Number of protein chains: 2
Amino acid sequence: MSNYKINSALLCEAFKALSNPHRLALFNRLLNCCAPGTKCSPAVAVRYCVGELGEGLDIAPSTLSHHLKELNRAGLVEMERKGKNVECWVEPAKLAKLTTFFKPVQND
Amino acid sequence: MSNYKINSALLCEAFKALSNPHRLALFNRLLNCCAPGTKCSPAVAVRYCVGELGEGLDIAPSTLSHHLKELNRAGLVEMERKGKNVECWVEPAKLAKLTTFFKPVQND
DNA sequence: TTTATAGTTCGACATATTTCGAATTATAAA
DNA sequence: TTTATAATTCGAAATATGTCGAACTATAAA
């Protein structure tokens, strides 16, 4: 099977979501739980609440909320309310789909 | 080594380039030289000229040119004039960098 | 019940993007 | 040299995006 026709509309939405510096930073923060050099092998997807994700980004809460909504809409980030907070995480399965796109066609 | 700090500005440019349906289609055309089911194992990157890439996309030549310029600027597509035509192709090394981003952090 | 904290929605405004047609450049063919 | 083909540049217009503050909702704590 080749990657000739992955649903390009969905793919395009994913790339659009990652095309903004703030959203890319947010997504990256969810992907990379650890600072360089530290040990970290999460069995389960890492979770951050909205506020934590926005730290150091210097954007208004409403803007932060908007960007996370976009990442969620694009299917890249999951969100779930936990008490006063809303937790965010990335499902590893979603990543796999994206990497598939960049792999060259495989035929034998 | 982790992917903690890939140059996010460059990465962002790449995703922005792929965030437009027409540009994604153009890039995909360069990635997937073959129709599904056919045999195809290109030793060298596949090349299309600008006009060929635009076929069936129903956009003006100026728009096509603009989009390819964007893909080139983002470092995703190489371009070189060959006579009357301008040939376009994707360097496999560029793809590798993008896939790295989506891979989870590896620490041992 | 009142108050505080976390996050979202809405409307407005500035900026960026997409697209086209007209004019232009580069190359090859007649 | 003149003509045709391939592609690019430029300017303009329509649309989309990023951002904020104000007002609002959801939940927990006092």
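These numbers were taken from a predicted model, which means no experiment stands behind them.
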For [X] and [N], is the shortest distance between a side-chain N/O and OP1 or OP2 below 4.0 Å?
X: A/N20; N: D/dG18; value: yes
X: A/K16; N: D/dT17; value: yes
X: B/N85; N: D/dT5; value: no
X: B/S65; N: D/dA7; value: no
X: B/K69; N: D/dT9; value: yes
X: B/R81; N: D/dA6; value: no
X: B/H22; N: C/dT19; value: yes
X: B/S62; N: C/dG21; value: no

Just the rounded figure in Å: distance from [atom2] of [N] to [atom1] of [X].
X: A/L18; N: D/dG18; atom1: CG; atom2: C1'; result: 16 Å
X: A/F15; N: D/dT17; atom1: CZ; atom2: C1'; result: 19 Å
X: B/H67; N: C/dC20; atom1: NE2; atom2: P; result: 8 Å
X: A/K82; N: C/dT5; atom1: NZ; atom2: C1'; result: 19 Å
X: B/E70; N: D/dT9; atom1: CD; atom2: P; result: 11 Å
X: A/R47; N: C/dA6; atom1: CZ; atom2: C1'; result: 17 Å
X: B/N72; N: D/dA7; atom1: CG; atom2: P; result: 15 Å
X: A/E52; N: C/dT5; atom1: CD; atom2: P; result: 17 Å

I want to verify a distance call: between C/dG7, C/dT18, D/dG18, whose nearest atom is closest to the A/C49 side chain?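 Side chain of A/C49 sits closest to C/dG7.
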Quick one: which of C/dT18, D/dG18, D/dT19 gets closest to the side chain of A/T63?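 Nearest nucleotide to the side chain: D/dT19.
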Map A/R23 and A/G83 onto DNA chain D by nearest heavy atom, then report which one ends up closer to the 5' terminus.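 Closest to the 5' end, via its nearest nucleotide, is A/R23.
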5'-most contact on DNA chain D: A/P61 or B/V50, nearest heavy atom basis?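 Nearest nucleotide further toward 5': that of B/V50.
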B/N85 side chain vs B/E87 backbone, donor-acceptor pair below 3.5 Å: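 Checking the backbone N and O of B/E87 against the side chain of B/N85, no donor-acceptor pair under 3.5 Å is found.
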What does B/H66 touch in the nucleic acid at a heavy-atom separation under 4.0 angstrom: a base, only the sugar-phosphate, or nothing?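 The residue B/H66 makes base contact.
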Which part of the nucleic acid, if any, lies within reach of B/I59 when heavy atoms closer than 4.0 Å are counted: base, sugar-phosphate only, or nothing?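 If one applies the 4.0 Å heavy-atom cut-off, B/I59 turns out to touch the sugar-phosphate alone, with no base involved.
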Give a yes or no on whether a salt bridge exists between A/R47 and A/E80, defined as a side-chain N under 4.0 angstrom from a carboxylate O.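 The answer is yes: the pair qualifies as a salt bridge.
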Ion pair A/E70/A/R73, N-O distance below 4.0 Å: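 Yes, this pair counts.
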Assess the pair B/F101 and B/F15: is the distance between their ring centroids shorter than 6.0 Å?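 That pair passes the under 6.0 Å test.
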Who pairs with A/E52 by salt bridge (Lys or Arg N to Asp or Glu O under 4.0 Å), at least two apart in sequence or on another chain?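 Here no residue qualifies.
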In terms of relative ring orientation, are B/H67 and B/H22 parallel, tilted or perpendicular, with 30° and 60° separating the classes?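 Correct class here is tilted.
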